Amino acid sequence: MTKVRTRFAPSPTGYMHIGNLRTALYEYLVAKKDPEGVFILRIEDTDQGRLIEGATDIIYNTLAQCKLFHDEGPDVGGNYGSYVQSERMKSGIYKEYAEKLIELGGAHYCFCQEEDIQAQRELAEARGESFIFNDPCKKLSSEEIQSRIAAGEKYVVRQNIPSTGTTSFDDEVYGTITVENSTLDEAILLKSDGFPTYNFANIIDDHMMEITHVIRGNEYLSSTPKYNLVYQSFGWDIPTYIHCPPVMKDEHHKLSKRNGDASFQDLVAKGYLPEAIINYIALLGWSPETEQEIYTLDELKQAFNVKRIGTSGAIFDIDKLTWMNGMYLRNMDIDTYFELANPYIEKAVSNKYNHKYIAKILQQRANTLAEIEEMLDFFDNYPSFDIELYNNKKMKSNPEIALPSLKATKELYENLPNWEESTIHDEMMALVEKLGIKNGQLLYPVRVAITGKQFTPGGAIELSHILGKEETLRRLDIAIKQLEQ
RNA sequence: GGCUCGUUGGUGAAGCGGCUUAACACAGCGCCCUUUCACGGCGUCAUUCACGGGUUCGAAUCCCGUACGAGUCACCA
C-alpha cells in the first residue's frame, strides 16, 4: 500500500479560519493515521494582489501552536518541488501539462473573447434558459490553430467535456455522486496570460506531490467531476476524496472572515487553549465511536475515522468550546496552570498579593484565560458598592445582619495570633458558633465587604487570607462605616 | 434558473429495518453539596426524527415526491 499523503493548502489571508483549521486537522489526522503518512503544507499565494504582510507566518504559527506539524512545506523542505504556488507558477509546468492534455484529447485551444461568452450568457439568462457554453473553437483545424497562435493571437486552454454520458466519483463521506456531462461547463485550465486557473493548478500540484487523499470543503463537490475528467484524460490515479460539511455561524451562514467571525487567533486572544480548540473542532462534523469527548491529539489520531464525518453543516457553539476549555484548564497540574494564568493575573493584580495562591483558587472557576482579569479586579481596586449586595436570600443575609457580622469579624481579625488560612478558618467557624448564626450570615457579608462583588473566585476566608490583615481590616472599616450611615 | 448536496431537541450529535416509549455531551431549568460563584453529584428537557406518500409483519433508518436550506455554475482563489 502506498503511504498516505495529504496536503493543507491555505491562502495566506492573514486570518486562520476555523473551518480551514478543521480541514487542516482532518488532513493531519488522515495522514498520521498511517504510521508513514505525510502531511504537507502548500501555500497558495497566487491571490490577485491581496498579499498580506506576515500572513504566512500566521499559518506557520497556527499549525505549530496546534501541534499539527507538517512533514513537507516551504519552511521544512521536501522532495516535491516548491511548496509555494507563486514559485511553481514561474516554472511553466502548468503550461506544459496543459499542452500535454491537449495532445491527449482532454482539452483544446480556445480563442473566444471573454466578453462574447459573457454576452451569450446574459442573453440566455434573460430568456430564463440555463447556459452551457458550446465552444466553436473545438471545431478548429490544427492548421488554423497553429497559424492563429503563430500570429500572436491570445488564447486560453479549455477543458474538453463529453456532451453525453455521465461522470461519477466516490467521496468517502458523501458516497457516489453522478452528474450528467451535459450540465458541465468546459472550464478554462490555462488563462490567456499563460497562468493556470486555481482548479487546474490544484490538480497538477496534487498529482506532482503525489497526494493520495484530497480533503476539502464540500463547496468543491460540484467541481469534482471536472477534476476527474482531467485526471482521466491524463490517465492519472484519482485521489481519495473526502469532502467535509461546512462549519456554520448559524443556520444559514458559514463562519467567515467577512462576518467578522472569530478566527483561531481571535479565540486564542480570548483565552482559549489551542488544544481545546483542536479538540472542539474535531468534534464539529465528526463523531467518535465511543462517548469520549476529551481527546489529546494522539488520541485523536487513534480514534479518527473518515467514515464518521457527517454530511450536514455544523454550527460553531462557543458555549461548548468554553466548557471544554474549562475542562482543559481544570485538569492541568497547578504549575502548568500557573504558568498560563499568571500573565493574566499580572494584568489585574499587583505583586503584593500571592499570585500562585490566586491561581489555585482560580483554576476551578475560570473557563477561559481572558476572563481572569475581570474576576480579579477587586484586588487592586476596592470598588464602592451598593449595600443591596448584602441581600442574599439563600444565605439569609441582609444589610442589618451584615453590620454586626462585620463588626465581630473585625474584632476577631484584629486579635488573631497569625494570618494563616487555617487560623482564620477555625476562628471564623468558632465565631459563627458563638454568635449563633448561619455560616452564610457571617461569611457572605464579609466576602461582600472585602471585595464589593457579588461573585468572587473564592470565599471570605480564602480572600481575607490573600488580601492580608491590614488590607482586609481597612476594607472592613470602610464597609462598616458605609453600613452605619 | 440548471446541477449537486443537505434536513434527528436551542447546539454538537448517536442511531444504518425490530434491542429506541431516540444514547451521550454543551446550553437551559430544578434540586443536592458548599463560606459566594464555580467545580462535582442528581434529576428534567424530542411520544418523535422537515412534510407527504410508498415498501415492509415492522421505518428516524429503504424508495418516491414536496418544502425549506446550502453549495456551485468566473481568464477569483
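Chain letters run A, B, ... following the sequence lines, proteins first and then strands; every chain starts at 1. Note that the structure is a prediction, hence the values are computed from the model and not measured.
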Let me have the donor-acceptor pairs involving side chains of residues 312-322 of chain A, under 3.5 Å, with sequence neighbours excluded, atom names and distances please.
unit_1	atom_1	unit_2	atom_2	d
Asp317(A)	OD1	Asp319(A)	N	3.1
Lys320(A)	NZ	Glu293(A)	OE2	2.8
Thr322(A)	OG1	Tyr272(A)	OH	2.8
Thr322(A)	OG1	Ile318(A)	O	2.7

Distance-only donor-acceptor hits, side chain of residues 19-27 of chain A, under 3.5 Å, sequence neighbours excluded:
unit_1	atom_1	unit_2	atom_2	d
Arg22(A)	NH1	Leu284(A)	O	2.6
Arg22(A)	NH2	Pro245(A)	O	2.4
Thr23(A)	OG1	Gly19(A)	O	3.0
Tyr26(A)	OH	Ala282(A)	O	3.0
Tyr26(A)	OH	Leu284(A)	O	3.3

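Between the C1' atom of A38(B) and the CD atom of Glu374(A) lies a distance of 14 Å, rounded to the nearest Å. Here the P atom of nucleotide C39(B) and the CE atom of Met327(A) are 10 Å apart, to the nearest Å. Rounded to an integer number of Å, the gap from CD of Glu125(A) to P of G1(B) is 12 Å. The nearest whole Å value for the distance from the CG atom in Asn367(A) to the C1' atom in A25(B) is 15 Å. One interatomic measurement links the two molecules: CG of Leu389(A) to P of C37(B), which rounds to 13 Å at whole-angstrom precision. Rounded to whole angstrom, the span from the CG atom of Asp171(A) across to the P atom of G71(B) amounts to 18 Å. In this structure, the CG atom of Leu443(A) is 13 Å from the P atom of C37(B), given to the nearest Å. If you take CD of Gln364(A) and P of A38(B), they are 14 Å apart, rounded to a whole angstrom.
The same atom, P, is picked in U20(B) and in C26(B); the two are 23 Å apart, to the nearest Å. Rounded to a whole angstrom, the distance from the C1' atom of C49(B) to that of G2(B) is 31 Å. The same atom, C1', is picked in G41(B) and in U34(B); the two are 12 Å apart, to the nearest Å. Comparing U72(B) with C16(B), their P atoms are spaced 33 Å from each other, to the whole Å. Taking the C1' atom of each, G17(B) and A22(B) are spaced 15 Å apart, rounded to whole Å.
Residues of residues 106-121 of chain A having a heavy atom closer than 4.0 Å to RNA chain B, listed by number: Cys112(A), Glu114(A), Arg121(A). Taken residue by residue, residues 391-413 of chain A places heavy atoms nearer than 4.0 Å to RNA chain B at Lys394(A), Met395(A).
Heavy-atom distances to RNA chain B give each of Ser192(A) and Arg330(A) a nearest nucleotide, and the one nearer the 5′ end belongs to Arg330(A). When each of Ile188(A) and His425(A) is assigned the nucleotide of RNA chain B with its nearest heavy atom, His425(A) is the one assigned upstream, toward the 5' end.
Closest approach to the Tyr444(A) side chain among C73(B), U72(B), U36(B) is made by U36(B) (side chain taken as heavy atoms from C-beta onward). In this structure, the nucleotide among C37(B), U35(B), U72(B) sitting nearest to the side chain of Ala460(A) is U35(B). Listed nucleotides A77(B), C3(B), U36(B) differ in distance to Arg365(A); the shortest reach to its side chain belongs to U36(B). Among the nucleotides A77(B), C39(B), C37(B), the one closest to any side-chain atom of Phe455(A) is C37(B).
Side chains of Ser397(A) and Asn392(A): a donor-acceptor N/O pair is absent below 3.5 angstrom, by distance only.
Separation of the Phe195(A) and Tyr94(A) ring centroids does not fall under the 6.0 Å cut-off.
Using Watson-Crick or G-U wobble geometry with both donor-acceptor distances under 3.5 Å, U20(B) finds no partner in any strand shown. Of all nucleotides present, only C32(B) satisfies the Watson-Crick or G-U wobble test against G40(B), with each distance under 3.5 Å. Using the Watson-Crick or G-U wobble rule with both distances under 3.5 Å, A67(B) pairs with U7(B). The nucleotide G1(B) finds its pairing partner in C73(B), both defining distances of the Watson-Crick or G-U wobble pair being shorter than 3.5 Å.
Under 4.0 angstrom from either OP1 or OP2 of A77(B) there lies at least one side-chain N or O belonging to Lys191(A). A sub-4.0 Å separation between OP1 or OP2 of A14(B) and a side-chain N or O of Ser287(A) is present.
Base engagement by Val156(A) is indicated by at least one non-hydrogen atom pair under 4.0 Å involving a base atom. Among the atoms of the strands shown, only primed sugar atoms or phosphate atoms (P, OP1, OP2) are found under 4.0 Å from some heavy atom of Arg308(A). Residue-level contact check: Phe195(A) touches neither bases nor backbone, having no heavy atom under 4.0 Å from any strand.
Legend: residues meeting salt bridge (charged side-chain N to carboxylate O under 4.0 Å, His left out) with Lys257(A), ordered by chain and number and at least two apart, are absent.
Because its NZ or CZ atom is both nearer than 6.0 Å to the ring centre of Phe338(A) and within 45° of the ring axis, Lys356(A) counts as a cation-pi partner of that residue. The cationic atom of Arg148(A) (NZ for Lys, CZ for Arg) does not lie both less than 6.0 Å from the six-membered ring centre of Tyr155(A) and within 45° of the ring axis.
No donor-acceptor contact under 3.5 Å links the side chain of Arg447(A) to the base of U35(B). Interface remark: the Thr183(A) side chain does not form any donor-acceptor pair with the C3(B) base, using a distance-only criterion of under 3.5 Å.
Taking 4.5 Å as the limit, every side-chain heavy atom of Arg158(A) sits out of range of all side-chain heavy atoms of Lys138(A).
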Fill in: Summary of protein contacts for nucleotides 5-12 of chain B, nucleotide by nucleotide, where a base hit scores B, a sugar-phosphate-only hit scores S (4.0 Å, heavy atoms)
SSS---SS
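Within the 3.5 Å criterion, the main-chain N or O of Tyr353(A) finds a donor-acceptor partner in the side chain of His355(A). A distance-only check finds a donor-acceptor pair linking the side chain of Asn325(A) to the backbone of Leu273(A) [under 3.5 Å].
Shortest non-hydrogen contact noted between Tyr337(A) and Ala359(A) is CE2-O, 3.3 Å.
Under a cut-off of 6.0 angstrom, the local environment of CZ in Arg258(A) is sparse, with at most 12 non-hydrogen atoms contributed by other residues, nucleotides or ligands.
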